[in-house]
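Computed from a predicted structure; not experimentally measured.
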Amino acid sequence: MFRSIFRPYGLVWNILNTVTDILGLSLLWLVCCLPIVTIAPATTALYDAVVHGIRYKEGGAYRRFLKTFRAEWKTGIPVTLLWAAVLGGCGYILAVLLVMVRQGSLSTVYAGIYFGVMLLPIACFCWSAAILSRFTFS
């Protein structure tokens with residue numbers, strides 16, 4: 001029994017390897033997202049590295065993350081700025097609705113509905129990062 005647990009290619013070590021790769025890639029994504037304008041290239045690189053490194057079990061997930069991050073730099077920054085403008089406008093409307101909440105109860109319903117609807121542009125941003133990782137632009 002113990003022989004199967006401590007095998008380097010056994011189930012336990014494969015699971016631990018996958019978990020540490022996910023944690024390491026997530027930390028690398030977090031560090032690359034510190035400058036706000038690099039959120040789209042970092043998200044694209046994370047998606048690409050997870051799909052190839054974890055799902056398809058290809059080696060070099062960290063190298064792939066950094067390679068994709070550098071490759072998507074030029075297209076990812078305009079995408080981040082575009083989505084920041086869209087989400088900033090949505091956030092402004094939400095702020096106006098929250099000020100109106102203090103004045104009436106019907107505005108509370110509108111603010112709640114609008115807050116739920118705001119998840120759609122955020123989901124579209126995440127989806128666009130996945131699409132960016134599939135195509136290479138020159």
S.K.: I'd like to know if the side chain of Ser133 reaches the main chain of Ala130, judged simply by a donor and an acceptor atom lying under 3.5 Å from each other, with no hydrogens or angles considered.
M.R.: yes
S.K.: Under a single-linkage definition using a 4.5 Å side-chain heavy-atom cutoff for Ile, Leu, Val, Met, Phe, Trp and Tyr, are Leu66 and Tyr62 assigned to the same hydrophobic cluster?
M.R.: yes
S.K.: Applying side-chain contact (heavy atoms from CB on, under 4.5 Å), can you list everything that pairs with Leu81, at least two apart in sequence or on another chain?
M.R.: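 Checked Leu81 against side-chain contact (heavy atoms from CB on, under 4.5 Å); matches are Val37, Ile77.
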S.K.: Side chains of Thr38 and Phe69: closer than 4.5 Å at any heavy-atom pair?
M.R.: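 Yes, their side chains come closer than 4.5 Å.
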S.K.: Just wondering, do Tyr47 and Cys126 contact through their side chains at under 4.5 Å, heavy atoms?
M.R.: no
S.K.: Considering non-hydrogen atoms only, spot the tightest contact between Ile39 and Phe125 and give its length.
M.R.: CG2-CZ, 3.6 Å
S.K.: Measure the spacing between CG of Leu25 and CG of Asp21 and express it to the nearest 0.5 Å.
M.R.: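 CG of Asp21 is found 6.0 Å from CG of Leu25.
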S.K.: Between CG of Asp48 and CZ of Phe65, what distance do you get to the nearest 0.5 Å?
M.R.: 10.0 Å
S.K.: Which pair of heavy atoms, one from Ala42 and one from Cys32, lies closest together, and at what distance?
M.R.: CB-CB, 3.9 Å
S.K.: Among residues at least two apart in sequence or on other chains, which ones pass side-chain contact (heavy atoms from CB on, under 4.5 Å) with Thr18?
M.R.: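 By the side-chain contact (heavy atoms from CB on, under 4.5 Å) rule, Thr18 matches Ile22, Ile54, Lys57.
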S.K.: Report yes or no: do Ile113 and Leu98 belong to one cluster of Ile/Leu/Val/Met/Phe/Trp/Tyr joined by side chain heavy-atom distances under 4.5 Å?
M.R.: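 Per the 4.5 Å side-chain linkage, Ile113 and Leu98 are not co-clustered.
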S.K.: Are Tyr92 and Tyr114 connected, step by step, through hydrophobic side chains (Ile, Leu, Val, Met, Phe, Trp, Tyr) whose heavy atoms are closer than 4.5 Å?
M.R.: yes
S.K.: Using every non-hydrogen atom in the two residues, find where Cys124 and Trp83 come nearest and quote the distance to one decimal.
M.R.: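 Closest approach of Cys124 to Trp83, heavy atoms only: CB-CH2, 3.5 Å.
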S.K.: Please tell me if the side chains of Val12 and Leu16 come closer than 4.5 Å, counting only heavy atoms from C-beta onward.
M.R.: yes
S.K.: Which atoms form the tightest heavy-atom contact between Phe115 and Leu94, and what is the distance?
M.R.: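 Result for this residue pair: CD1-CD2, 3.7 Å.
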S.K.: How close do Val79 and Ser128 get, heavy atom to heavy atom, and via which atoms?
M.R.: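 So the minimum-distance heavy-atom pair works out to CG1-OG, 4.3 Å.
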S.K.: Taking side chain as C-beta onward, heavy atoms only, is Leu132 less than 4.5 Å from Thr43?
M.R.: no
S.K.: Are Leu46 and Leu30 connected in a single hydrophobic cluster, I mean Ile/Leu/Val/Met/Phe/Trp/Tyr linked by side-chain heavy atoms less than 4.5 Å apart?
M.R.: yes
S.K.: Using the rule that two of Ile, Leu, Val, Met, Phe, Trp, Tyr join whenever any of their side-chain heavy atoms come within less than 4.5 Å, decide whether Ile131 and Val51 are in one cluster.
M.R.: no
S.K.: What's the shortest heavy-atom distance between Pro41 and Thr80, and which atoms?
M.R.: CD-OG1, 3.9 Å
